[in-house]
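Step one of this worksheet: look at the structure below.
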Amino acid sequence: MLTRRTVLAGMLASTAFPAALRAATEPYVLGTLFPMTGLLSELGSIYTAATALGLEHVAQDKRLSQPIVLKAQDSQSTPQGGAVGMSKLANVDRAPYVLVGLTGVAKAAEPIATRAKVVMVNGGGVGPDLAGLSPYFWNIIPLANQELPTAFSWMKRNEIRRVALIYLDDPLGNALRKGLQDGLPAIGAALVGEFSAAPSAQQFSAMIAKIRETKPDLVYVASYGTQQTQIFKQLRDNGITQPLMTYSVGGTPSVAALPESEGLLFTSQVADWDAKDPLTRRFVEGWRARHKDNPSTYAQNYYNAVLLYAQLIERLEKEGKPLNGDTLREGLATGTFDLVGGRARFSPSGAIDMPTQLNRVQNGKFEKVS
Amino acid sequence: MIAYLVNLATLIAIFGIAATSLNLLIGYAGIFSIAHAMFFGIGAYVAAQVALTFSADFLVAALAAAVAAAALSLCLALPALRVRGEYFVAASLGLQMMASTLFAEAHGFTGGVGGLVGIPPARILGFDVASPDAFLVLALACLALTLLAVRTLMRGSFGRSLMALRDSESAAEAFGKDVRALKTLAVVIGCFFVGIAGALFAFHMAFVNVESFTLEQSVVLMAMVIIGGAGTLTGPLVGVIALLSLPAALSFLPFIPSTQIGTVQQFIYGALMTLLMIFRPSGLVGLSRG
């Protein structure tokens with residue numbers, strides 16, 4: 001019998017049903033704020049390709065109740081572009097988890113993300129000033145100073161005693177300089193020359209002449225982008241035959257493509273493309289199939305960032321918790337995660353604790369040294 | 001969505017002030033400066049330092065920023081204004097390049113390439129104006145005051161003298177106008193207002209570094225003035241709205257694949273700008289005025 005109560009209950013159910021249905025079918029949102037145009041668009045392309053591969057593999061696994069959709073914003077490599085992009089991702093696309101890359105962009109986007117409780121994951125910037133930027137800011141790439149112990153081990157084994165340094169005068173360059181100043185004496189070595197380069201500098205002949213006078217056993221370069229490749233080229237053109245070393249930026253394809261980079265040593269998180277574990281095999285084979293080449297460590301980071309998101313969502317689904325910035329942050333702080341390169345966890349300052357290795361550029365490719 | 005639009009509107013108001021101030025130079029005085037981002041940066045850094053070390057009161061920080069930008073423009077404008085036309089463009093290019101280097105190297109004041117982080121939220125006479133809505137109102141109020149000031153100035157003898165200077169410097173000089181004094185004053189007033197825009201920018205972003213004050217930013221500001229319509233009051237504002245809203249609007253186009261969004265956006269953006277300049281060379285407002 002149709003009573004008034006039944007009609008009311010039916011009306012309530014009919015209004016609630018679409019909302020319940022919508023909630024159950026709404027996909028998870030992953031935001032990206034990458035430099036997709038401008039001078040650093042090469043990096044943005046790598047980040048984007050790795051993110052797409054990660055999403056494809058997560059979708060194949062079907063371990064989440066809803067799919068993850070990508071919402072991309074071009075940061076245009078500028079802080080202002082980063083702020084506008086993050087505002088759209090946080091306030092319009094409602095992305096609770098956003099991948100970022102460049103230091104300046106990340107710092108400009110951070111206040112907006114923190115206000116909206118959006119977790120930011122950096123896989124490209126390695127400046128130590130990115131540690132502890134905000135409770136919602138996490139680094140899935142070891143910061144540059146975390147890579148130095150691996151470099152020191154190799155230097156000690158190879159009896160490197162005299163190191164000359166060319167560093168970009170920014171937080172990254174200065175942190176590496178301090179790390180070398182502090183760490184070299186412990187292995188019986190010393191910095192015999194420290195040469196600062198302005199961000200816009202492209203000519204280093206005079207600097208290199210001074211470096212030759214210091215008779216170094218090794219030249220460490222702490223720069224990035226086109227300036228970095230110019231330094232490598234001009235070092236070799238001006239007769240520096242000693243080994244060259246840098247941090248994880250050495251894994252950029254444009255560096256490997258440079259003939260003068262042959263033999264370049266660089267540290268990075270563990271990136272053994274011949275490793276037998278299923279996660280690494282799937283990533284490397286997927287990348288090779290699509291790009292006909294080995295991945296870079298940046299690709300590994302952003303692929304890992306997607307796996308990390310999927311693992312966090314999976315845990316939240318199992319625990320019946322909502323997906324938001326706070327629950328994601330809690331999961332990041334307390335969990336350990338299976339990623340390409342090994343099992344990882346994060347420090348309280350938001351930096352990933354991951355094993356690192358030394359690599360060499362050989363015939364235009366990267367290979368593990370130790 | 002509202003929060004996104006408020007953020008965009010705040011940036012439009014800030015860049016509206018910056019473009020209006022540049023219009024004073026380009027549109028009214030005929031001084032083609034491509035160092036305007038430098039003074040925008042000086043305003044931002046001074047306001048950030050005042051907020052970080054002394055007081056987060058916007059009025060104090062903005063006044064300091066405006067005075068610093070105006071004073072420095074005076075030091076730099078006096079020798080540079082001895083030249084005219086394309087030579088001034090070259091001189092201002094040199095200043096802009098020098099400023100970018102100084103911004104990157106003066107660690108104690110600018111924080112170097114890493115910039116200044118943690119700029120405290122703005123307050124006015126003890127009242128909190130940090131919320132996005134309140135800050136938008138503040139930025140719009142500053143924009144309205146700037147437009148009012150420029151309108152008043154340009155309708156007086158100073159404005160007419162500037163426009164005479166723009167149309168023919170030699171003729172203005174022949175009529176007894178003190179060309180150097182007028183030009184210097186135009187630069188100082190323009191930089192005073194862009195200093196305020198810089199202060200708003202610093203408080204809004206809560207972070208400033210050299211990447212926001214490069215030559216590219218100067219070129220974008222100039223494009224805002226020219227696309228909107230140089231020498232008109234509303235032209236620069238229309239240019240700012242067009243240049244800031246267009247990329248934002250393009251990001252809503254559903255047919256652009258996520259992985260190609262940057263490239264496609266830039267292509268459409270560039271094509272629209274080119275078409276605009278071909279069919280409306282005097283700017284959006286310039287043409288509508290006939």
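A note on names: the letters A, B, ... follow the listed sequences, proteins ahead of strands, and every chain is numbered from 1.
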TODO: Examine the side chains of His107(B) and Asp169(A) and answer whether a donor and an acceptor come within less than 3.5 Å of each other.
DONE: yes
Open item on the list: Which atoms of Tyr4(B) are under 4.5 Å from chain A, going by heavy atoms: the side chain, the backbone, both sets, or neither?
Closed with: both
Open item on the list: If I measure from the heavy atoms of chain B, does Asp93(A) come under 4.5 Å with its side chain, its backbone, both, or neither?
Closed with: neither
Open item on the list: So for Gln76(A), is it side chain, backbone, both, or neither that comes closer than 4.5 Å to the heavy atoms of chain B?
Closed with: side chain
Task: When Pro111(A), Ala201(A), Gly104(A) are compared by non-hydrogen pairs under 4.5 Å with chain B, the top option - done: Gly104(A)
Task: Derivation and outcome, side-chain contact (heavy atoms from CB on, under 4.5 Å), residues Leu11(B) and Val84(A) - done: CA-CA 9 Å; Leu11(B) 278 173; Val84(A) 173; 3.2 Å; yes
Task: Interatomic distance, Gln80(A) atom CD to Phe15(B) atom CZ [nearest 0.5 angstrom] - done: 3.5 Å
- [ ] Would you mind reporting whether Ser77(A) and Glu211(B) have side-chain heavy atoms less than 4.5 Å apart?
- [x] no
Open item on the list: Please give me the minimum heavy-atom distance between Ala3(B) and Asn91(A), naming the atom from each residue.
Closed with: CB-CG, 3.4 Å
Open item on the list: Do Asn209(B) and Pro79(A) have side chains that approach each other closer than 4.5 Å (heavy atoms only, starting at C-beta)?
Closed with: yes
Open item on the list: Counting only heavy atoms not in Phe267(B) (residues, nucleotides, ligands), do more than 12 fall under 6.0 Å from its CZ?
Closed with: no
Open item on the list: Need one label for Gln217(B): side chain, backbone, both or neither, based on atoms under 4.5 Å from any heavy atom in chain A.
Closed with: side chain
TODO: Check whether more than 12 heavy atoms from other residues, nucleotides or ligands sit under 6.0 Å from atom CZ of Phe127(B), and answer yes or no.
DONE: no
Open item on the list: Between Lys107(A) and Gly114(B) (side chain of the first, backbone of the second, donor and acceptor by atom type, cut-off under 3.5 Å), is there such a pair?
Closed with: yes
Open item on the list: Given heavy-atom pairs under 4.5 angstrom as the criterion, report whether the side chain, backbone, both or neither of Leu244(B) touches chain A.
Closed with: side chain
Open item on the list: So, taking the atom named CD in Glu110(A) and the one named CE in Met205(B), what distance separates them when rounded to the nearest 0.5 Å?
Closed with: 11.5 Å
- [ ] Against chain A, label Phe213(B) side chain, backbone, both or neither, depending on which of its atoms sit under 4.5 Å from a heavy atom there.
- [x] neither
